[in-house]
Peer 1: 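This structure is in structure tokens; I'll ask about it shortly.
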There are 2 protein chains.
Amino acid sequence: MSKRTTINDIARELGLTSASVSRALNDHPRISVDTKKSVQAKALEMNYRQNKLASSLRSGKSHTIGVIIPSAQINFFGSVVHGIQNMASVNGYTIILYQSEENQALEQKAIETFLDARVDGILVSISKETTDYSHFVELKKKKIPLVFFDRNNESLKIPSVVIDDFKGAYRATAHLIEMGYRNIMHVTGAPHLKAFKDRLNGYKAAMADYKMPYSEASIYNGNISIESGKEAVDYFLSLETKPDAIFAVEDFSALGVMQRLKELKIIIPKEFGVIGFANESFGEYISPSLSTVDQQTVEMGKKSFELLLEIIENGVDDTSEENIILEPVLYFRESSRRVKLNQMAKY
Amino acid sequence: MSKRTTINDIARELGLTSASVSRALNDHPRISVDTKKSVQAKALEMNYRQNKLASSLRSGKSHTIGVIIPSAQINFFGSVVHGIQNMASVNGYTIILYQSEENQALEQKAIETFLDARVDGILVSISKETTDYSHFVELKKKKIPLVFFDRNNESLKIPSVVIDDFKGAYRATAHLIEMGYRNIMHVTGAPHLKAFKDRLNGYKAAMADYKMPYSEASIYNGNISIESGKEAVDYFLSLETKPDAIFAVEDFSALGVMQRLKELKIIIPKEFGVIGFANESFGEYISPSLSTVDQQTVEMGKKSFELLLEIIENGVDDTSEENIILEPVLYFRESSRRVKLNQMAKY
DNA sequence: CTGTTAGCGCCTTCAC
DNA sequence: GTGAAGGCGCTAACAG
């Protein structure tokens with residue numbers, strides 16, 4: 001590894017001081033245009049590249065942010081990271097990636113690592129297993145810029161970027177109603193998760209607003225799996241008033257619903273409508289393709305970085321806890337396409 | 001941001017020198033157990049955390065590696081990154097992630113960024129659009145540890161971790177033959193890509209070894225898309241000798257094949273077998289589920305990091321260019337499951 | 001076994 | 001506008 005040229009090297013060549021070279025390279029206001037020119041030329045000629053380590057150590061700014069996701073294997077988070085990294089790169093920031101594997105200890109270790117690396121800020125999607133939030137409280141106390149995305153904890157009062165689950169569910173339900181389905185039921189997930197609760201409420205609100213009948217019996221408590229989607233169908237069809245459409249809390253449940261309906265020779269979307277949530281990658285490729293609600297993952301990543309950057313630049317302000325709520329987008333595919341195409345000009 | 005405690009602080013408290021404190025903290029051999037103990041205790045008490053920036057600057061080792069992938073949105077790469085980050089974390093390394101977006105300029109920018117950050121090594125999956133490899137040659141000249149994964153360029157003679165495409169294709173084809181299909185044809189992809197060429201050759205070799213008939217007419221030149229899978233079916237069924245099974249170069253083509261066959265009311269797998277390559281996430285959820293060849297993505301990530309670490313520790317050795325070739329794994333699902341279950345004890 | 005000294009490469013006062 | 005000097009926090013070389 002041959003020695004890299006430093007500002008001292010180019011200072012010596014030009015009969016200047018490293019200080020002036022530094023200033024020239026950093027576009028310092030009080031530096032003559034001439035020396036700036038010559039320094040820049042020399043730097044190019046000598047293949048000079050700034051040592052970020054030294055610069056960061058001295059200036060206290062690393063232009064690096066830490067990102068914690070549960071797993072890079074999960075599509076959703078890969079997509080968010082895509083947005084984050086893009087935006088970071090555009091703004092001259094570098095990202096350190098860490099996976100919590102839904103494990104609190106790893107999440108804490110990630111934060112230690114980030115702190116040791118002197119990151120300028122941290123982006124986190126909280127691990128599911130995290131119950132002790134002291135590491136986040138600690139960051140807040142240290143005034144380290146921090147933004148949660150997708151999964152957050154409201155009691156911590158930390159800025160966040162999330163999707164509007166209520167609105168997404170409301171629209172999904174309203175969509176089924178507008179497609180002409182009349183008896184719409186809902187497969188929900190673990191009720192202690194805010195996202196699922198919001199989706200349930202969105203469903204209820206839409207049903208109420210459109211004056212459609214529903215009761216507690218119209219809701220099946222699943223566990224976000226293909227299997228529970230199938231079980232939901234069995235349950236619903238055992239009821240006296242049977243549904244003609246199902247809004248599932250997420251796509252895997254919706255997939256299970258579709259699979260059982262197909263087994264029972266019930267035709268989708270003619271006899272029965274289905275819509276999911278999350279826009280998982282398989283939805284587009286199954287048949288009929290699955291209507292769903294997209295969670296704006298890339299946008300979430302971009303907005304998260306932007307919000308973090310704002311906090312990094314303007315400082316952590318205790319008084320304003322900004323929470324960005326993204327608009328979910330309905331993906332209208334075959335599984336809910338009951339009306340004929342010529343009737344659907346408005347879509 | 002309250003001041004962090006440094007080794008000087010704890011040295012002062014203990015009446016020692018920062019040098020001794022540093023040694024104690026780094027488990028230096030020539031340090032008394034007593035001072036080591038007391039220093040560690042004090043460090044804990046004072047909430048000391050090492051400043052990696054300073055340490056890296058001084059020691060020349062950053063314990064950071066750079067990772068370039070085409071896009072975090074692509075499942076395959078998310079999965080590889082999962083493996084890389086896991087392994088890195090276990091070994092005390094931190095990863096900086098960069099996406100090339102299949103763009104040569106961004107790839108070069110990523111390498112500059114990594115060099116500026118003084119990474120200890122770099123992991124790359126080359127961008128598709130990269131035609132000028134000088135940035136990699138430069139790394140080699142600078143003796144920066146470098147390992148390619150999945151996509152590499154053999155003429156560069158750089159260590160790599162890839163999947164054995166030939167073997168995967170051979171097995172997929174052999175599997176169809178063993179399932180009783182007799183007239184197996186192949187949908188290939190862009191022929192200039194090594195992976196696709198290898199898969200084509202694996203197909204041919206299996207056909208030859210099993211003495212099955214095939215000709216150039218048995219091969220359809222597609223463009224790795226659902227559409228080209230459909231077109232392939234149309235082409236194959238126009239032939240005099242029609243196929244009863246298709247091995248597609250990757251899953252999207254296989255999906256197109258299945259969709260067209262279904263449109264034509266040809267029953268899979270009873271009348272027609274299909275197998276793809278890549279184990280895309282949708283394959284498990286379509287019906288019938290798609291048999292495919294898994295590319296060992298997580299393993300690829302882990303092995304890539306391990307190989308890079310070895311090079312970092314033992315130095316770049318011009319003479320030995322290690323290339324790790326991973327065994328692909330056949331995922332035997334419904335689309336090729338022709339024989340009855342009771343005949344399949346061996347699977 | 002521990003202290004002294006020096007400096008990694010950069011930036012930031014403070015002078016002039 | 002530029003130079004001199006110092007130091008960010010740490011580790012390495014050399015003493016002793």
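Lettering of chains follows the sequences in order, A, B, ..., and the numbering in each one begins at 1.
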Peer 1: Describe the nucleic acid contact of A/Asn8 in one word from base, sugar-phosphate, nothing, applying a heavy-atom distance below 4.0 Å.
Peer 2: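 Nothing, no heavy atom under 4.0 Å.
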Peer 1: Test your reading of the model: is there a side-chain donor-acceptor pair from B/Asn86 to the backbone of B/Gly83, 3.5 Å cut-off?
Peer 2: no
Peer 1: CD1 of A/Ile7 versus P of C/dG7: gap in Å, rounded?
Peer 2: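 Nearest whole value for this atom pair: 16 Å.
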Peer 1: At less than 3.5 Å, do the side-chain atoms of B/Arg58 and the base atoms of D/dC10 form a donor-acceptor pair?
Peer 2: no
Peer 1: Can you tell me if the side-chain N/O atoms of A/Thr17 get under 4.0 Å from OP1 or OP2 in D/dT2?
Peer 2: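 Checking A/Thr17 against D/dT2: no side-chain N or O falls below 4.0 Å of OP1 or OP2.
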Peer 1: Distance check: side-chain N/O of A/Thr35 vs OP1/OP2 of D/dT2, anything under 4.0 Å?
Peer 2: yes
Peer 1: Specify the separation, in whole Å, of atom CZ of A/Arg23 and atom C1' of C/dA15.
Peer 2: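 Going from CZ in A/Arg23 over to C1' in C/dA15 covers 11 Å.
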Peer 1: So does A/Glu112 pair up with A/Lys109, basic N to acidic O under 4.0 Å?
Peer 2: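 Result for this pair is no, no salt bridge flagged.
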Peer 1: Output the rounded distance in Å from NZ (A/Lys61) to P (C/dT12).
Peer 2: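 These atoms are roughly 12 Å apart.
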Peer 1: State which residue, out of B/Val124, B/Val67, B/Thr64, B/Ile68, fulfils the side chain to side chain contact (heavy atoms under 4.5 Å, CB included) condition with B/Phe114.
Peer 2: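 For B/Phe114, the side chain to side chain contact (heavy atoms under 4.5 Å, CB included) test succeeds with only one of B/Val124, B/Val67, B/Thr64, B/Ile68, which is B/Ile68.
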Peer 1: Considering only side-chain heavy atoms of A/Arg30, which listed nucleotide, D/dT2, D/dG9, C/dC10, is closest?
Peer 2: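 Closest of the options to the side chain of A/Arg30: D/dT2.
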Peer 1: Just the rounded figure in Å: distance from C1' of D/dC10 to NE2 of B/His28.
Peer 2: 15 Å
Peer 1: Applying salt bridge (charged side-chain N to carboxylate O under 4.0 Å, His left out), can you list everything that pairs with B/Lys302, at least two apart in sequence or on another chain?
Peer 2: none
Peer 1: Between atom CD1 in A/Ile10 and atom P in D/dT2, what is the gap in whole Å?
Peer 2: 13 Å
Peer 1: Thinking salt bridges, do B/Asp27 and B/Lys36 make one under a 4.0 Å N-O criterion?
Peer 2: yes
Peer 1: Can you tell me how far C1' of C/dC8 sits from CD of A/Gln50, to the nearest Å?
Peer 2: 15 Å
Peer 1: If you assign each of A/Ala54 and B/Lys36 to its closest nucleotide in DNA chain C, which residue comes earlier from the 5' end?
Peer 2: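 Closer to the 5' end of DNA chain C: B/Lys36.
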Peer 1: Give A/Leu57 one of three labels, base, sugar-phosphate or nothing, depending on what nucleic acid heavy atoms sit under 4.0 Å from its own.
Peer 2: base
Peer 1: Please check the phosphate of C/dC11 (OP1 and OP2 only) for any side-chain N or O of A/Ser55 closer than 4.0 Å.
Peer 2: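 Checking A/Ser55 against C/dC11: at least one side-chain N or O falls below 4.0 Å of OP1 or OP2.
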Peer 1: State plainly whether the residues B/Asp34 and B/Lys37 are in salt-bridge range, i.e. N to O under 4.0 Å.
Peer 2: no
Peer 1: With a 4.0 Å limit, can you tell me whether A/Ser22 has a side-chain N or O closer than that to the phosphate oxygens OP1/OP2 of C/dC11?
Peer 2: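 Answer is yes, contact under 4.0 Å.
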Peer 1: Please list residues of residues 41-49 of chain B whose heavy atoms come under 4.0 Å from any atom in DNA chain C, ordered by number; otherwise none.
Peer 2: none
Peer 1: Please state whether the phosphate of D/dT2, meaning OP1 or OP2, lies under 4.0 angstrom from any side-chain nitrogen or oxygen of A/Ser32.
Peer 2: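 Result: yes.
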Peer 1: State the NZ-CD distance between B/Lys128 and B/Glu102, to the nearest 0.5 angstrom.
Peer 2: 5.0 Å
Peer 1: Figure out the CG/P separation between B/Leu16 and D/dT11, and round it to whole Å.
Peer 2: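 It is 15 Å, rounded to the nearest whole Å.
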Peer 1: Looking at residues at least two apart in the chain, or sitting in another chain, which of them share a side-chain hydrogen bond (donor to acceptor under 3.5 Å, both in side chains) with A/Ser127?
Peer 2: A/Thr130
Peer 1: When you match B/Ala19 and B/Arg118 each to their closest nucleotide on DNA chain C, which lands nearer the 5' end?
Peer 2: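 Its nearest nucleotide lies further toward 5', so the answer is B/Ala19.
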Peer 1: Quick one: A/Asn26 CG to D/dG1 C1', roughly how many Å, whole number?
Peer 2: 16 Å
